[in-house]
K.L.:
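After the C-alpha cells below, expect a handful of questions from me.
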Amino acid sequence: QINRDLDQTRKDWQERATEMDEDLKGADERADTKEEHEWIKEAEDAWHIMQDIFENQMMPLLSKEQTESLAIVLKDLDGKIDAEVDAIAAPIEKYKQSLINETLEADEKFDGIAKSIVNVSIVLAIIGFFAAIIIAVLITRAITRPVNMMGVAADGLALGNINQDITLRSSDEIGALADSFRKMIE
C-alpha cells in the first residue's frame, strides 16, 4: 500500500529539494577546477530530471486511485528516479574523490614545508650553538690571556725579577692592575 499523505509528502519533498539545491550550489561554489564544475553540472542535470519525474509525473499519479496498471506505471517511474539517483551519485563521488585528492596533496605540501622549517631550524640551532661556543672561547681568551700575563709578572716579581716589560694596556680592571705592576717595577 502506498502512503497517500500527499500533503506531508509534498512538504518533505520541498524541504529535501531545497537542501539538495543548496548543497549543489555550495559544491559548485567550492569547485576549483573545470572538471569539478562539470561533475556538479552533471549531478544538477540528473537532479532536475529526477525532480521533473517526481513532481510532474509521479505526484499527480499518487493522488489517483490505485489500480494494477497505475502500480506498474509508478514502479516504472520509481525505476527512473532510481536511475537518476545513480546519475547524481556518480559525478558527486568523482567530485568527492577530487576533494580528497586535493586535501591529500595539500597535506603533503604542508608536511614538506613543515619538514623544511624543522630542518632550517635545526641548522640554525647548530649554527647558533657553534657561534656561542666561538664567542665564549674568544671572551674567555680575552679575559684569561691578560690575567695569565699578570700572573707571570707577579711570579717574576716574587722571584725578584724587576726587569720585566709589562706590555698590557687596557682601560678595564686588568689594565689598572697592569699599571699598578708597572709602577711597582719602576
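The figures that follow rest on heavy atoms only: side chains count, while hydrogens, waters and symmetry mates do not.
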K.L.:
Name all pairs fulfilling the salt bridge (Lys or Arg N to Asp or Glu O under 4.0 Å) condition that reach into residues 70-83, sequence neighbours left out, sorted by first residue then second.
P.N.:
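For residues 70-83, and leaving out neighbouring residues, the salt bridge (Lys or Arg N to Asp or Glu O under 4.0 Å) pairs sorted by first residue read Asp76-Lys80.
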K.L.:
Taking all non-hydrogen atoms of both residues into account, name the closest pair between Thr140 and Ala136 and its distance.
P.N.:
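For Thr140 versus Ala136, the nearest heavy atoms are OG1-O, 2.7 Å.
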K.L.:
Before giving the answer on side chain to side chain contact (heavy atoms under 4.5 Å, CB included), spell out for Val120 and Leu124 the whole-Å C-alpha distance, their side-chain angles and the decisive distance to 0.1 Å.
P.N.:
CA-CA 6 Å; Val120 167; Leu124 290 176; 3.9 Å; yes
K.L.:
Among residues at least two apart in sequence or on other chains, which ones pass side-chain contact (heavy atoms from CB on, under 4.5 Å) with Glu68?
P.N.:
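Glu68 satisfies side-chain contact (heavy atoms from CB on, under 4.5 Å) with no residue once adjacent residues are dropped.
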K.L.:
Check side-chain contact (heavy atoms from CB on, under 4.5 Å) between Thr167 and all other residues, then give those that pass, not counting sequence neighbours.
P.N.:
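Counting only residues at least two positions away or on another chain, Thr167 forms a side-chain contact (heavy atoms from CB on, under 4.5 Å) with Met149, Asp165.
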K.L.:
Mind checking who shares a hydrophobic cluster with Ile72, ILVMFWY linked at side-chain heavy-atom distances under 4.5 Å?
P.N.:
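Its cluster mates, by chain and number: none.
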K.L.:
Could you pull out the closest heavy-atom pair between Ala46 and Ala87, with the gap in Å?
P.N.:
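The answer is CB-CB, 3.6 Å.
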K.L.:
Where is the tightest heavy-atom contact between Met59 and Leu6, given as atom of each residue plus distance?
P.N.:
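Nearest pair, atom of Met59 first, then Leu6: CE-O, 4.0 Å.
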K.L.:
On a heavy-atom basis, which atom in Met58 and which in Leu74 lie closest, and how many Å separate them?
P.N.:
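For Met58 versus Leu74, the nearest heavy atoms are CE-O, 3.6 Å.
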K.L.:
Can you tell me how far CZ of Arg145 sits from CD1 of Ile174, rounded to the nearest 0.5 angstrom?
P.N.:
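Spacing of CD1 (Ile174) from CZ (Arg145) equals 12.0 Å.
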K.L.:
Between CG of Leu157 and CE of Met150, what distance do you get to the nearest 0.5 Å?
P.N.:
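Rounded to the nearest 0.5 Å, the CG-CE separation comes out at 8.5 Å.
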K.L.:
How far does CG of Asp111 sit from CD of Glu108, to the nearest 0.5 angstrom?
P.N.:
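Those atoms lie 7.5 Å apart.
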K.L.:
For Val137, what residues pass the side-chain contact (heavy atoms from CB on, under 4.5 Å) criterion, not counting sequence neighbours?
P.N.:
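side-chain contact (heavy atoms from CB on, under 4.5 Å) check on Val137 returns Ile133, Arg141.
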K.L.:
Kindly list each side-chain donor-acceptor pair under 3.5 angstrom involving residues 14-23, sequence neighbours excluded, with atom names and distances?
P.N.:
unit_1 : atom_1 : unit_2 : atom_2 : d
Thr18  : OG1    : Gln14  : O      : 2.9
Asp21  : OD1    : Trp47  : NE1    : 2.8

K.L.:
Listed by chain and number, what are the salt bridge (Lys or Arg N to Asp or Glu O under 4.0 Å) partners of Glu93, not counting sequence neighbours?
P.N.:
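For Glu93 the salt bridge (Lys or Arg N to Asp or Glu O under 4.0 Å) partners, ignoring immediate neighbours, are Lys96.
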K.L.:
Enumerate the residue pairs fulfilling ring pair (Phe, Tyr, Trp, His ring centres under 6.0 Å) with a member in residues 146-181, sequence neighbours excluded, ordered by first and then second residue.
P.N.:
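Those involving residues 146-181 do not exist here.
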K.L.:
Sequence neighbours left out, what passes side-chain contact (heavy atoms from CB on, under 4.5 Å) with Leu138? Give chain and number order.
P.N.:
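Result, side-chain contact (heavy atoms from CB on, under 4.5 Å) vs Leu138: Ile134.
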K.L.:
Identify, with sequence neighbours excluded, every residue that meets salt bridge (Lys or Arg N to Asp or Glu O under 4.0 Å) alongside Arg182.
P.N.:
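Expected list: Asp179.
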K.L.:
Would you tabulate the side-chain donor-acceptor contacts of residues 99-106 under 3.5 Å, counting partners in other chains and residues two or more places apart, or write 'none'?
P.N.:
unit_1 : atom_1 : unit_2 : atom_2 : d
Asn101 : OD1    : Gln97  : NE2    : 3.3
Asn101 : ND2    : Gln97  : O      : 3.4
Thr103 : OG1    : Leu99  : O      : 2.9

K.L.:
At what distance, to the nearest 0.5 angstrom, does CD of Gln51 lie from CD1 of Ile81?
P.N.:
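Spacing of CD (Gln51) from CD1 (Ile81) equals 11.0 Å.
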K.L.:
Strictly distance-based, threshold 3.5 Å: is any side-chain N or O of Ser98 a donor or acceptor partner for the main-chain N or O of Lys94?
P.N.:
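Judged by distance alone, no pair lies under 3.5 Å.
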K.L.:
Using the ring pair (Phe, Tyr, Trp, His ring centres under 6.0 Å) rule, collect all pairs that involve residues 113-145, keeping only residues at least two apart or in two chains.
P.N.:
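Found none.
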K.L.:
Sort out for me which residue in Ile113, Ile117, Asn119 forms a side-chain contact (heavy atoms from CB on, under 4.5 Å) with Lys115.
P.N.:
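Result: among Ile113, Ile117, Asn119, Asn119 is the only option passing the side-chain contact (heavy atoms from CB on, under 4.5 Å) with Lys115.
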K.L.:
Could you grab the distance from atom CG of Asn148 to atom CG of Leu168, nearest 0.5 Å is fine?
P.N.:
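One finds 11.5 Å between CG of Asn148 and CG of Leu168.
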K.L.:
How about Arg10 and Trp13: do any of their side-chain heavy atoms sit closer than 4.5 Å?
P.N.:
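Sidechains of Trp13 and Arg10: no contact.
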K.L.:
I want to check something: taking the side chain as every heavy atom from C-beta on, are Val147 and Leu177 in contact at a cut-off of under 4.5 Å?
P.N.:
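Counting from C-beta outward, Val147 and Leu177 never come under 4.5 Å.
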K.L.:
Can you check whether His48 reaches Asp52 side chain to side chain, under 4.5 Å on heavy atoms?
P.N.:
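Side-chain contact under 4.5 Å: no.
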K.L.:
If we ignore hydrogens and angles and just use 3.5 Å, is the side chain of Tyr95 paired with the main-chain N or O of Ala27 as donor and acceptor?
P.N.:
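Yes, the answer is positive, given that a donor and an acceptor are paired below the 3.5 Å cut-off.
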K.L.:
Following the transitive rule for hydrophobic clusters with a side-chain heavy-atom cut-off under 4.5 Å over Ile, Leu, Val, Met, Phe, Trp and Tyr, establish whether Ile166 and Val152 coincide in one cluster.
P.N.:
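As far as the 4.5 Å side-chain criterion goes, Val152 and Ile166 are not connected within one cluster.
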K.L.:
What is the minimum heavy-atom distance between His37 and Asp32, and which atoms define it?
P.N.:
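So the two residues come closest at NE2-N, 4.5 Å.
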K.L.:
For a side chain to side chain contact (heavy atoms under 4.5 Å, CB included) check, start with the C-alpha distance between Asn161 and Asn163, then their side-chain angles and the critical distance, and finish with the verdict.
P.N.:
CA-CA 6 Å; Asn161 182 3; Asn163 294 326; 3.8 Å; yes
K.L.:
To the nearest 0.5 angstrom, please state how far the CD atom of Glu35 sits from the CD1 atom of Ile40.
P.N.:
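Reported to 0.5 Å precision, the distance equals 11.5 Å.
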